[in-house]
Each structure stands twice: as structure tokens, then as C-alpha cells.
Amino acid sequence: MVKDMFRCVECNQSAAELHRDYSNGILKITICESCHKPVDKYIEYDPVIILIDALLCKTQAFRHILFNTNLNIQWKLCVFCLLCEAYLRWSALHGSEQSSDPADIIRYTKEWDFYGMFAQAALELWAFCGGVLGFLWVALVWGCDDGGSGVELRLLLRGLLLSCYGKVLLIPAVIWEHDFSPLCLGLVKMFVLTSNSQAIRVILNCSRRLALAAVCLGLLSETCAAQACSGLQSRVRLLWTLY
Ligand SMILES: [Zn+2]
């Protein structure tokens, strides 16, 4: 067994196991040597309770998901959220041509613009992740914050992608088409950024200030990528109309 592969959800202390099996069917939750509380109380909890605590951005729930589980749905979640985002952008672009036919959602996927929007949303997401990881790497390597013991880029990327789960709130906007407002989308964005910041804080055990600074830099990087994409699109359209 790999030693100290888990973390205490209360105090972030490393732990070798979450529970001990006494072979006669008796399982006992491991108690943390540092804080004397159960290492991971969530192993007994229903997934719905864990989800609610994660929605409330509780540090303990984030530690449980990121350190004590093998949840590897980040890539599927990422593609699903990008599809929702691409659809919303596409429908905003062709808003005047919408019809109420449910079969339209199939037709939309045949549109090249849809794939363009998907690529743009993916590029912006990578710009965000690149900005955050780049900033954290520089900040931790140069020792601006003594919270992080090392830059774990793979774990950070997993944490960033998983903490984007708030984007599934875009689903109602996709289902009810135009019954969404920029305010709702702004609130979803705010929630996702808060979750991203909490994931960084939990993984690196760093200060809230450093996590917020990383998210702000990621957002700046994402905005720059979005502006560059818009500029490129308008130039392509101009060239298309000229020739
Ligand atoms: Zn502890």
C-alpha cells in the first residue's frame, strides 16, 4: 500500500488509510493523529450530502473528492460543459433564426459555427487553466506563498476541471433555450470561479489570497483568448466577404 496517500478532511494531515478492516466484518474509521477526528467522515455519507457540501464550497468536501476518491470524470465533465457552452453561444449567434422544433438541437450539431464555438470555448478554458497553472507555478517556485509544498500540476488540473462542475447549471439554459438571462450566466460563472479558487486552496493548502489571485489571472488570460478569437473571426468574415 502506498503510504500516506490520503488526507484528513479536517486538518489536511496525510493518512495511510481511511478505515481499517478487522477481517471479521468489522470496519472502523481511522482517527487522525493530528486533530483526533475521523480522517474522512464522508466515506459514510450519502453522495447527495457530499454534493450539497461541495455546492456549499466546504473545504472538507473538496478534500474528500480531490484526495480521498478516484473520481476521474473530469474530461467527460469538461467535454459536456463545453458542448453546453458552445450550444448557448451558437443559439445566441443565431437567435433570430430559432424555431421551437425540438429536432433543431440535432440540426444545430451539423452547423460548422457550432464546432467553431466549441473550439473557441475549449481554447478559452485552456487559456484559463494555463493562466492559473502558470501563475501558481511562478508564485510557488519563487516562494511568494509558503502554503504549497510543491507544484502538483496534474492534481491542480484535475481539481480545476472537476471544480468547473457548476457549469452543468447551464443545462436549464440549454433545455429552456431563451429563458435565461445574462445575470444567471454571470452567477454561474461566479460560482464556478469560487469553486476553482476553493479547489486551488485545498490542493495547495495555500492562502485564500493566492488562490483568488490565480483565478483572477486565469480569468484575464481567458478574456484575452476570447478577444483574440473575436478579432480573428471578424478578420476571417471580412476576408470571406471580399473573396
Ligand atoms: Zn486531522
Side-chain angles (χ1 to χ4, degrees), residues 1-9 11-16 18 39-40 42 50 54 57-83 85 118-168 189-226 228-229:
M1 179 184 247
V2 182
K3 236 188 159 202
D4 297 343
M5 61 184 293
F6 301 109
R7 298 277 182 95
C8 171
V9 296
C11 69
N12 203 40
Q13 177 75 27
S14 299
L18 299 180
V39 169
D40 193 343
Y42 287 107
I50 301 170
C57 286
K58 285 194 176 177
T59 313
Q60 291 94 333
F62 271 69
R63 282 198 188 114
H64 166 76
I65 294 166
L66 294 171
F67 294 125
N68 299 342
T69 65
N70 292 320
L71 193 66
N72 278 317
I73 57 161
Q74 64 271 25
W75 297 110
K76 289 177 189 170
L77 184 72
C78 174
V79 170
F80 182 73
C81 292
L82 285 175
L83 282 171
E85 218 167 314
F118 181 85
Q120 188 178 337
L123 188 74
E124 287 174 21
L125 178 67
W126 287 117
F128 174 77
C129 291
V132 170
L133 296 180
F135 173 82
L136 289 173
W137 186 80
V138 171
L140 295 175
V141 165
W142 287 89
C144 295
D145 190 281
D146 55 2
S149 55
V151 189
E152 300 169 89
L153 290 180
R154 188 179 288 185
L155 187 59
L156 274 170
L157 184 62
R158 176 173 171 257
L160 279 179
L161 294 178
L162 277 177
S163 60
C164 284
Y165 71 95
K167 285 185 181 176
V168 296
K189 184 80 182 166
M190 187 73 81
F191 175 70
V192 170
L193 292 176
T194 308
S195 299
N196 290 150
S197 148
Q198 185 71 323
I200 294 166
R201 212 175 132 232
V202 162
I203 290 170
L204 296 177
N205 199 26
C206 64
S207 64
R208 198 183 296 271
R209 196 176 51 181
L210 181 76
L212 280 174
V215 166
C216 288
L217 202 103
L219 194 61
L220 184 69
S221 170
E222 184 187 327
T223 310
C224 290
C229 282

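Numbering of residues begins at 1 and proceeds along the displayed sequence.
- Contact annotation: the side chain of Leu77 never approaches that of Cys164 to less than 4.5 Å [non-hydrogen atoms, C-beta and beyond].
- Atom CZ of Phe67 and atom CE of Met5 lie 12.5 Å apart (nearest 0.5 Å).
- Residue-environment remark: CZ (Phe191) exceeds the threshold of 12 foreign heavy atoms within 6.0 Å.
- Here Phe6 contributes atom CZ and Ser14 contributes atom OG; the two are 11.5 Å apart, rounded to the nearest 0.5 Å.
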Inset, instruction - Evaluate the criterion side chain to side chain contact (heavy atoms under 4.5 Å, CB included) for residue pair Leu162 and Ile73; output intermediate values, then yes/no. - result: CA-CA 8 Å; Leu162 277 177; Ile73 57 161; 3.9 Å; yes
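- Nearest heavy atom pair, residue Leu157 against residue Trp126, reads CD1-CZ3, 3.8 Å.
- In this structure, Thr194 contributes its side chain and Met190 its backbone to a donor-acceptor pair below 3.5 Å.
- The nearest pair of heavy atoms linking Tyr165 to Ala54 is OH-O, 2.9 Å.
- Put simply, the side chain of Val132 does not reach to within 4.5 Å of the side chain of Leu156, judged on heavy atoms.
- Taking both residues in full, the closest heavy atoms of Cys78 and Leu161 are given as SG-CD2, 4.2 Å, listed atom of the first, atom of the second, then distance.
- Arg63 contributes atom CZ, which lies 10.0 Å from atom CG of Asn68 (distance to the nearest 0.5 angstrom).
- A donor atom on one side chain and an acceptor atom on the other are found under 3.5 Å apart for Arg201 and Gln198.
- Here Leu193 contributes atom CG and Glu222 contributes atom CD; the two are 7.5 Å apart, rounded to the nearest 0.5 Å.
- Of the candidates Gln60, His64, Arg7, His64 is the only one forming a side chain to side chain donor-acceptor pair (under 3.5 Å) with Asp40.
- At a threshold of 4.5 Å between non-hydrogen side-chain atoms, the residues Leu136 and Leu153 do not count as touching.
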Legend entry - Audit row: Val9, Lys58, side chain to side chain contact (heavy atoms under 4.5 Å, CB included) steps and yes/no: CA-CA 10 Å; Val9 296; Lys58 285 194 176 177; over 6 Å; no
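- Shortest non-hydrogen contact noted between Leu212 and Ser197 is CD2-OG, 3.9 Å.
- Taken to the nearest 0.5 Å, the CZ atom of Phe128 stands 4.0 Å off from the CG atom of Asn196.
- Residues Trp137 and Leu133 form no side-chain contact, since every pair of their non-hydrogen atoms from C-beta on lies 4.5 Å or further apart.
- For the pair Val39 and Ala15, the tightest heavy-atom approach, listed with the atom from each and the gap, is CG1-CB, 3.8 Å.
- Of all the heavy atoms in Arg158 and Asn70, the pair that sits closest is NH2-C, 4.3 Å.
- Proximity of Asn12 to Val202: side-chain heavy atoms (C-beta onward) are nowhere separated by under 4.5 Å.
- To the nearest 0.5 Å, atom CG of residue Leu160 and atom CD1 of residue Ile200 are 5.0 Å apart.
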Legend entry - Worked verdict on Leu210 versus Phe135 for side chain to side chain contact (heavy atoms under 4.5 Å, CB included): CA-CA 10 Å; Leu210 181 76; Phe135 173 82; 3.9 Å; yes
